[in-house]
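Position 1 is the first residue of the sequence; numbering continues from there. Atom set for the values below is all heavy atoms of this structure, side chains included, hydrogens, waters and symmetry mates excluded. None of these values were measured; they are calculated from a predicted model.
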Amino acid sequence: MKTALFTILVALSLCTASPVMAAGVHGYTALSAVAMNANKQQQKLKVSSKEQAVQLAKRQYRGKVLKVQSSRVNGNPGYSVKLLSNDGVVFYVKVDAKTGRVSRN
């Protein structure tokens, strides 16, 4: 009786462990694919950091940088740079990370 109960418990534990293990492996594979895809996309970008976006914005438009944040520019990844001109005017510059194009709003 004890042997039969032990066999049933072992069988149940194996049945419940397999889906968890399979999901863990599948989840790891999916995460690896996402990381690789993000890495490929970053390699295609001409501007890959906030610092590069600031350099491009300051090169084209003079002013003090107040804020930089990631944003979408023409459907592409990019950056929004908030600047203060020497005249005291606050304005925004968009930097398209894919093309490197800089435009003032």
Side-chain angles (χ1 to χ4, degrees):
M1 177 78 174
K2 288 182 181 180
T3 306
L5 184 59
F6 179 75
T7 305
I8 292 171
L9 288 175
V10 169
L12 285 174
S13 66
L14 288 175
C15 289
T16 58
S18 296
V20 171
M21 291 172 59
V25 170
H26 179 69
Y28 176 77
T29 304
L31 286 176
S32 296
V34 168
M36 287 173 52
N37 193 18
N39 192 24
K40 284 181 184 178
Q41 184 177 5
Q42 191 173 26
Q43 289 175 354
K44 293 179 185 178
L45 300 177
K46 290 191 177 186
V47 181
S48 59
S49 69
K50 290 181 179 182
E51 291 78 14
Q52 287 179 327
V54 167
Q55 287 176 349
L56 289 172
K58 287 180 76 172
R59 186 178 303 150
Q60 193 162 345
Y61 300 100
R62 301 285 181 215
K64 179 181 178 182
V65 176
L66 301 176
K67 185 177 181 179
V68 184
Q69 64 184 28
S70 299
S71 68
R72 300 296 284 177
V73 180
N74 300 326
N76 295 326
Y79 300 93
S80 178
V81 183
K82 184 178 182 180
L83 295 158
L84 175 65
S85 72
N86 295 334
D87 303 351
V89 177
V90 175
F91 63 99
Y92 291 87
V93 172
K94 298 287 186 179
V95 180
D96 187 321
K98 189 172 182 181
T99 65
R101 185 173 295 133
V102 179
S103 60
R104 183 174 173 171
N105 287 359

Specify the closest pair of heavy atoms between [X] and [Y], including all atoms of both residues, with the distance to one decimal.
X	Y	result
V102	A57	CG1-CA, 4.3 Å
P77	R72	N-NH1, 3.6 Å
K58	G63	CE-O, 3.9 Å

### Task
Let me see the working for S71 and V73 under side-chain contact (heavy atoms from CB on, under 4.5 Å), right down to the final yes or no.
CA-CA 6 Å; S71 68; V73 180; 4.0 Å; yes
Reported [atom1]-to-[atom2] distance for the pair [X] and [Y], which is rounded to 0.5 angstrom:
X	Y	atom1	atom2	result
K82	K64	NZ	NZ	12.0 Å
Y61	R104	OH	CZ	7.0 Å
K94	S103	NZ	OG	8.5 Å
K46	Q52	NZ	CD	12.0 Å
Y92	K67	OH	NZ	7.0 Å
R62	L84	CZ	CG	15.0 Å

### Query
Are L45 and L56 co-members of a hydrophobic cluster defined by side-chain heavy atoms under 4.5 Å apart?
no
#### Entry: V68: which of V81, V95, V93 passes side chain to side chain contact (heavy atoms under 4.5 Å, CB included)
V81
